[in-house]
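Working notes for the structure below.
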Protein chains: 2
Amino acid sequence: MQSDDRRDLAAMMYPVVRALLAVEQPVLDAHGVAMWGYSVLTALDRTPIRTQAALAEAIGADKTRIIGTLDDLQDAGLITRTPDPDDRRARLLAITAEGRRVRRAITAGIRSREERLLSRLPATDRRGFVRALTELSALPPGDLADLAEAPVSGSPPSPA
Amino acid sequence: MQSDDRRDLAAMMYPVVRALLAVEQPVLDAHGVAMWGYSVLTALDRTPIRTQAALAEAIGADKTRIIGTLDDLQDAGLITRTPDPDDRRARLLAITAEGRRVRRAITAGIRSREERLLSRLPATDRRGFVRALTELSALPPGDLADLAEAPVSGSPPSPA
DNA sequence: CGCAATCATAAGCAATAGCCTACGATCAAC
DNA sequence: GTTGATCGTAGGCTATTGCTTATGATTGCG
């Protein structure tokens, strides 16, 4: 029924993602922010977060590995990290006005470059593409992970 | 003009790609083929290739790092690697009947799992999504890389 | 023939990622 | 107040990746 003669989704998406990341890098460099730092800024620009662990989870990073990133951002005055008076273990995380400014500048730079990629697409496909991505990335976090939960049919590997 | 209120493309695509790769892994494991091996099989299933360097470039891998992969595939009888009689430095690479069989089984497994992801999307967006990806991945290889070549506007980082 | 280039291969190096453990500070529950 | 859990932080371990160099076999050019 499916004359679905295309390559695997991952095989097609992977090079595109790589290219996009490469595209972002110079923009990030120009603002002295690392990729993870930018990820943190976008998360905090949406809403402040109460603990670093929660932040890490929100951006899909490792709890122990964003510390350096947070240090950098704080040193640069882009975020604040204040001990929660109600629970002095936790650090209230928030973006600063400057952080917001930088984040927006970076996003603008990235957008204009993404434009050069998207402009290759027919308007209809482009709309569907962006919309599909928006929907997929709006899925509850677990939903994506759950996809790997199906029985595998087919012949087993040569007997170990 | 652009009320373009979405996240960055890379930020949206990255988790999806990760999920897709995670989805593929069990299928690959069930057939005893590594990710790179599968990539090689799909490339060779399209057309035989004359040198390993050309293959590496075709699948975006490192020339020196696919050797082990090729060894494995050859040992498993999925590909042949015969010295080119016309240029004994080169190895003619081709997929075997068994390799083709395995590759198709893997692809089928992956497809059925991708289906579970794509089924989340409205038909229109889904079509646009797949078509956009197909178009993007059909671009001449250099075109994607060239996207990173624009001047970066915005304020520079704090003076080093 | 002799030289430079090409191919497959082996080996190493630096950076990064994911993962895990440990530890001090703090809190909540009892 | 003692116990157990949570939070931030530090450190280490392993696997992977991109990149580089070196080597032997082979080719094509002059």
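In what follows, chains carry the letters A, B, and so on, assigned in the order in which the sequence lines appear, proteins first and then strands, with residues in each chain numbered from 1.
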Inset, instruction - Applying side chain to side chain contact (heavy atoms under 4.5 Å, CB included), name anything that partners B/Arg7, two or more places apart in sequence or on another chain. - result: A/Arg46, A/Ser137, B/Ala11, B/Met12

Inset, instruction - Please list, chain by chain and in numerical order, all residues satisfying side chain to side chain contact (heavy atoms under 4.5 Å, CB included) with A/Gln25, sequence neighbours excluded. - result: A/Leu28, A/Asp29, A/Met35

Inset, instruction - Go through DNA chain D in 5' to 3' direction and return only the first and the last nucleotide with some atom under 4.0 Å of chain A's heavy atoms. - result: D/dA5 to D/dG18

Inset, instruction - Please list, chain by chain and in numerical order, all residues satisfying side-chain hydrogen bond (donor to acceptor under 3.5 Å, both in side chains) with A/Ser112, sequence neighbours excluded. - result: none

Inset, instruction - Write down the distance between CD (B/Gln74) and C1' (C/dA8), rounded to a whole number of angstrom. - result: 12 Å

Legend entry - side chain to side chain contact (heavy atoms under 4.5 Å, CB included) partners for B/Asp125, two or more places apart: A/Arg131, A/Ala132, A/Glu135, B/Pro122

Inset, instruction - Name all residues meeting the side chain to side chain contact (heavy atoms under 4.5 Å, CB included) criterion together with B/Ala34; count only those two or more places apart in sequence or in a different chain, and write none if there are none. - result: none

Inset, instruction - Would you kindly give the CZ-to-C1' distance between B/Arg81 and C/dC7, to the nearest whole Å? - result: 12 Å

Inset, instruction - Taking salt bridge (Lys or Arg N to Asp or Glu O under 4.0 Å) as the test, write out the residues that go with B/Glu24, two or more places apart. - result: none

For residues 62-70 of chain A, dump all side-chain donor-acceptor pairs below 3.5 Å to protein atoms at least two apart in sequence or in another chain.
{"from": "A/Asp62", "atom 1": "OD1", "to": "A/Thr64", "atom 2": "N", "distance (Å)": "2.7"}
{"from": "A/Asp62", "atom 1": "OD1", "to": "A/Thr64", "atom 2": "OG1", "distance (Å)": "2.8"}

Legend entry - Residues in salt bridge (Lys or Arg N to Asp or Glu O under 4.0 Å) contact with A/Arg103, at least two apart in sequence or another chain: A/Asp45

Legend entry - Of all pairs that satisfy salt bridge (Lys or Arg N to Asp or Glu O under 4.0 Å), the ones with a partner from residues 84-94 of chain B, not counting sequence neighbours: B/Arg50-B/Asp84, B/Asp87-B/Arg89

Inset, instruction - Could you identify which residues of residues 40-52 of chain B place a heavy atom less than 4.0 Å from some atom of DNA chain D, listed by residue number, or say none? - result: none

Legend entry - Per-nucleotide protein contact string for nucleotides 18-30 of chain C, where B marks a base within reach and S marks sugar-phosphate only (heavy atoms under 4.0 Å, - for neither): BBB----BBS---

Inset, instruction - Answer yes when A/Arg120 and A/Glu115 have at least one side-chain N-carboxylate O distance shorter than 4.0 Å, and no when they do not. - result: no

